[in-house]
Amino acid sequence: MKYYRELFLKDGRICILRNSTAEDAEEILSLMRNISRESDNLLRYPEEWANITNEDEARFLRDLECSDDAIMLVAVIDGRIVGSAGLNPISRLEKCRHRADIGMSIRKEYWGRGIGSSIMEAILEIAQKAEFKQLELEVLTENTRAISLYEKFDFSIFGTNNHAFSTRGGQYKGSYLMSRYIK
């Protein structure tokens, strides 16, 4: 899928939201490693990105560019990718093709500038064009910033997984399963 939009952030800077391309592979992998170091809210630890090569990521991104129902958006400020979000079908089988999964991550230094809200607006627009009727996501129960953002966009909790993450320290972290219906 293709997408492009320029917007002004709360701090007056211009942010470009666009679909990722194969040329973004190395920068996206670097971004995800960095965000994994900054926050425990992502699925992977930083070194768990090492088994994904730039070529693997480029191939994945090329497939998304050709997709009619999946996309990875990137948020670009001053030529640097500072965030990303994915929209992917849960299944392409008829009984579930109305459902899509979303995920989002933004560099910590860019939190609170309106990027998350802008990404959510874009995801909703793209999901509607792709004719999805239900968006779903999983968020750690302690990630109150993200939960507030999702609730602002009418996502609601429909379940809890009390043992979603098992940390290296032997602790468990819970997650909420959230969804939003699209009219």
Side-chain angles (χ1 to χ4, degrees), residues 1 3 17 19-20 28 31-49 51-52 57 60 63-64 67-75 83-108 110-183:
M1 294 183 86
Y3 187 87
L17 292 181
N19 59 285
S20 58
I28 288 172
L31 171 78
M32 298 313 293
R33 279 188 219 92
N34 287 327
I35 292 175
S36 294
R37 278 188 212 88
E38 296 173 350
S39 169
D40 282 334
N41 295 327
L42 298 185
L43 183 61
R44 290 186 172 106
Y45 285 107
E47 65 276 6
E48 291 180 304
W49 290 96
N51 63 347
I52 302 172
E57 186 72 4
F60 170 72
D63 289 345
L64 288 178
S67 176
D68 291 331
D69 61 1
I71 191 169
M72 179 184 289
L73 288 179
V74 291
S84 67
L87 171 75
N88 295 286
I90 298 287
S91 171
R92 289 189 171 92
L93 297 174
E94 186 175 350
K95 290 181 179 181
C96 294
R97 69 176 170 214
H98 67 286
R99 298 169 53 207
D101 180 59
I102 66 169
M104 178 186 337
S105 55
I106 300 168
R107 293 283 316 243
K108 194 171 192 174
Y110 291 92
W111 290 1
R113 298 182 188 199
I115 296 170
S117 290
S118 296
I119 288 173
M120 285 303 300
E121 289 169 1
I123 289 290
L124 290 171
E125 177 186 330
I126 293 164
Q128 206 159 27
K129 286 181 184 173
E131 299 183 356
F132 289 116
K133 298 298 179 198
Q134 182 170 301
L135 298 182
E136 302 172 20
L137 60 89
E138 186 172 6
V139 60
L140 289 181
T141 56
E142 62 191 42
N143 190 350
T144 56
R145 289 178 69 92
I147 294 165
S148 292
L149 173 69
Y150 301 139
E151 287 175 338
K152 173 181 166 184
F153 285 90
D154 296 325
F155 281 81
S156 58
I157 297 168
F158 70 88
T160 304
N161 181 347
N162 292 319
H163 295 90
F165 280 19
S166 173
T167 68
R168 290 179 175 163
Q171 303 294 316
Y172 287 100
K173 292 186 176 189
S175 68
Y176 291 132
L177 307 174
M178 299 182 78
S179 67
R180 180 195 196 275
Y181 186 73
I182 300 174
K183 295 175 185 171

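Just so you know, these numbers come straight off a predicted model, no measurement behind them.
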**Message:** Using a 3.5 Å distance criterion without hydrogens, assess whether the side chain of Ser20 forms a donor-acceptor pair with backbone atoms of Met72.
**Reply:** yes
**Item:** 4.5 Å side-chain heavy-atom contact, Met32 and Ile52
**Value:** no
**Prompt:** Do the side chains of Ser36 and Trp49 get nearer than 4.5 Å, heavy atoms only?
**Reply:** yes
**Item:** Gap separating the CD1 atom of Ile71 from the CG atom of Leu87, nearest 0.5 angstrom
**Value:** 7.5 Å
**Message:** Main chain of Thr144, side chain of Ser148: is a donor-acceptor contact present, judged purely on distance under 3.5 Å?
**Reply:** yes
**Prompt:** Taking 4.0 angstrom as the limit, do Arg97 and Asp69 come out as a salt bridge?
**Reply:** no
**Asked** If we only count heavy atoms from C-beta on, is the Leu17 to Ser118 side-chain gap below 4.5 Å?
**Response** yes
**Request:** Please name the pair of heavy atoms, one in Gly174 and one in Ala164, separated by the smallest distance, quoted to 0.1 Å.
**Result:** C-CB, 4.3 Å
**Request:** Determine, for Glu151 against Arg145, whether the closest basic-nitrogen to carboxylate-oxygen distance falls under 4.0 angstrom.
**Result:** no
**Request:** Decide whether Thr141 and Lys173 meet the rule of one side-chain donor and one side-chain acceptor closer than 3.5 Å.
**Result:** no
**Message:** Ignoring hydrogens, what is the shortest heavy-atom contact between Asp40 and Phe165? Give both atom names and the distance.
**Reply:** O-CE2, 3.9 Å
**Item:** Smallest separation among heavy atoms of Leu43 and Glu48, with atom names
**Value:** O-OE1, 4.3 Å
**Request:** Kindly indicate, with the supporting measurements, whether the criterion side chain to side chain donor-acceptor pair (under 3.5 Å) is fulfilled by Ser39 and Lys108.
**Result:** CA-CA 8 Å; Ser39 169; Lys108 194 171 192 174; over 6 Å; no
**Prompt:** Going by atom types alone, do Ser179 and Gln134 pair a side-chain donor with an acceptor below 3.5 Å?
**Reply:** no
**Message:** Does Asp68 have more than 12 heavy atoms from other residues, nucleotides or ligands lying within 6.0 Å of its CG?
**Reply:** no
**Request:** Grab the two heavy atoms, one from Tyr45 and one from Arg168, that are nearest each other, plus how far apart they are.
**Result:** OH-N, 3.0 Å
**Prompt:** Got a sec: does the CD of Glu47 have more than 12 other heavy atoms crowding it under 6.0 Å?
**Reply:** yes
